[in-house]
Amino acid sequence: AVARVQQVIALQPKEPAGHVALAQLQEASDPAAAERNYRKALELDAGNAGALQGLVGLLGRQGRAEEAAVMMERMTPAQQEKAGGRAVLRANLARARAQEAIAGGSLQMAQVELEDALLAQPSDPWLRLELARLYRRMGQPAEADRVMAELAGQGDAASVESLQAQALFAQERQQWPQMLALLDQVPATARTPSIEALRTVALVQAQGAQARSLAQRQRTGEAQLLLARTEAALGSQAQNPELVAALAGAYADIGSSERAMSLARTLLQGDSPSAEARLQYASVLLRAGRDGEVAAVLRQLGQVPLGAAPP
């Protein structure tokens, strides 16, 4: 989709709609590029509604409250209306202030800001996800569940963005079958690379959970076959460390330690495996009952500064 929009821009470089469309596609993967394209659209058309709303929203999600506020106040009432209305813009500003409050350690202030934002934008799935995450961080899981349950009950609950937000919430609670069911509702033609990647994670984790259930009922052979089929279906994604760790852990859980360790060792391939890869490897070791090796890996991690690659 990005390539197609870029081709359109090359043909019509002075058409702001193309830059807005490209920015919207880039927001999740490359926010800096998205900001550049929103600003380019505004250079071509200072009152472009899509660019105004998109840029204020982007600044808000990045916690850049002051910039968002300055931009909003510079808009005329007509521009504010074209950009979704003052209430929507103020909600984006509240979101930015919430991010700043979280960064400053004031979770209660962030809660107030996000709750105010939600009053203005009750159908925004990403805003609901932000608030739900904050509630969980503050030890209020019931409130988090309520906020997301209200999203599921709305008329546009089956929109792609709503389904993706609900799936991410399910992932954070390790509710793999629910996560997979949500992503399966996204039409194949609407599945972005990020959604496909999420779906693959959900599939592997759900199959792992099913394999563990089979093993607990003394059906280990079926569990091994299920994991082998899941592994074979990954294709080129079999090199993804997150998926490898999930599969290896599932093999360890059903008692297939040899296969678990064979997969886990691929996490350490290369000259300098990351700390995250080593932690995933240690997790598989732990599940395979190799406590002594776990201690050695953790000692090695403890010998290097945080963020550095272990020797």
Side-chain angles (χ1 to χ4, degrees), residues 141 145 148-149 152 158 160 163-270 273-274 276-298:
D145 291 345
M148 296 306 290
V160 173
L163 290 169
Q164 188 175 1
Q166 292 176 70
L168 286 169
F169 187 62
Q171 180 185 30
E172 291 165 10
R173 293 179 298 164
Q174 298 187 356
Q175 295 179 331
W176 310 116
Q178 181 181 345
M179 178 185 176
L180 182 60
L182 286 163
L183 294 173
D184 278 344
Q185 294 179 52
V186 178
T189 54
R191 291 178 187 170
T192 63
S194 62
I195 290 178
E196 286 287 7
L198 275 178
R199 186 180 176 281
T200 302
V201 169
L203 178 62
V204 170
Q205 292 283 10
Q207 297 289 64
Q210 186 178 347
R212 284 187 285 272
S213 177
L214 288 169
Q216 289 169 359
R217 288 176 281 155
Q218 310 303 315
R219 296 163 63 181
T220 305
E222 293 177 61
Q224 291 172 332
L225 181 59
L226 175 62
L227 292 180
R229 287 174 174 169
T230 302
E231 186 179 346
L234 287 178
S236 61
Q237 296 185 78
Q239 305 303 315
N240 182 315
E242 182 180 6
L243 301 179
V244 170
L247 267 176
Y251 273 116
D253 290 343
I254 68 171
S256 298
S257 296
E258 288 188 14
R259 185 56 189 154
M261 295 312 305
S262 177
L263 280 172
R265 290 187 190 100
T266 66
L267 295 168
L268 302 184
Q269 290 178 347
S274 67
E276 177 64 23
R278 288 177 181 266
L279 284 172
Q280 290 173 330
Y281 179 66
S283 174
V284 177
L285 287 172
L286 188 64
R287 291 160 76 171
R290 304 194 178 195
D291 296 358
E293 294 177 63
V294 173
V297 172
L298 295 180

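Below, each value reflects all heavy atoms present in this structure, side chains not excepted, and no hydrogens, waters or symmetry copies.
Nearest heavy atoms, Q164 versus S194: NE2-OG, 3.7 Å. For the residue pair A264 and A248, the shortest heavy atom distance occurs at N-CB, 4.1 Å. Contact record, A215 with A223: N-CB, 4.2 Å, taken as the closest heavy-atom pair. Closest approach of L183 to A202, counting heavy atoms only: CD1-CB, 4.5 Å. Nearest heavy-atom pair, A165 versus M148, reported as atom, atom and distance to 0.1 Å: O-CE, 3.9 Å. Of all heavy-atom pairs between A252 and A260, the closest is N-CB, 3.6 Å.
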Q) Would T220 and L214 satisfy side chain to side chain contact (heavy atoms under 4.5 Å, CB included), going step by step from the backbone distance to the final call? A) CA-CA 6 Å; T220 305; L214 288 169; over 6 Å; no
Q | Candidate pair I195 and V160, rule side chain to side chain contact (heavy atoms under 4.5 Å, CB included), full reasoning | A | CA-CA 9 Å; I195 290 178; V160 173; 3.6 Å; yes
Q: Please assess L263 against V284 for the test side chain to side chain contact (heavy atoms under 4.5 Å, CB included), listing each intermediate value before the final yes or no.
A: CA-CA 9 Å; L263 280 172; V284 177; over 6 Å; no
Q: Go through the steps for D145 and F169 under the test side chain to side chain contact (heavy atoms under 4.5 Å, CB included), then give the verdict.
A: CA-CA 9 Å; D145 291 345; F169 187 62; 3.6 Å; yes
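Y251 and E231 form a side-chain donor-acceptor contact under 3.5 Å, judged by distance and modelled atom types alone. No side-chain N or O of R259 forms a donor-acceptor pair with one of S256 less than 3.5 Å apart.
Atom-to-atom distance recorded for L226:CG and S213:OG is 10.5 Å, nearest 0.5 angstrom. Note that CD of Q207 is 8.0 Å distant from CG of L180, once rounded to the nearest 0.5 Å. Here the CD-CG distance, from Q175 to L182, works out to 9.5 Å after rounding to the nearest 0.5 Å. One distance of note links CG of L285 with CD of Q280; it measures 12.0 Å at 0.5 Å rounding. The CG atom of L225 sits 9.0 Å away from atom OG1 of T230, with the distance rounded to the nearest 0.5 Å. The line from CZ of R212 to CZ of R217 is 13.5 Å long, rounded to the nearest 0.5 Å.
A distance-only check finds a donor-acceptor pair linking the side chain of R191 to the backbone of V186 [under 3.5 Å].
In E196, the CD atom is crowded: over 12 heavy atoms of neighbouring residues, nucleotides or ligands sit closer than 6.0 Å.
Side chains of V201 and N240 form no contact here, defined as non-hydrogen atoms less than 4.5 Å apart.
With sequence neighbours left out, R229 forms a side chain to side chain donor-acceptor pair (under 3.5 Å) with no residue at all.
Among the candidates R173, E172, R199, Q171, the single residue satisfying the side chain to side chain contact (heavy atoms under 4.5 Å, CB included) test with M179 is Q171.
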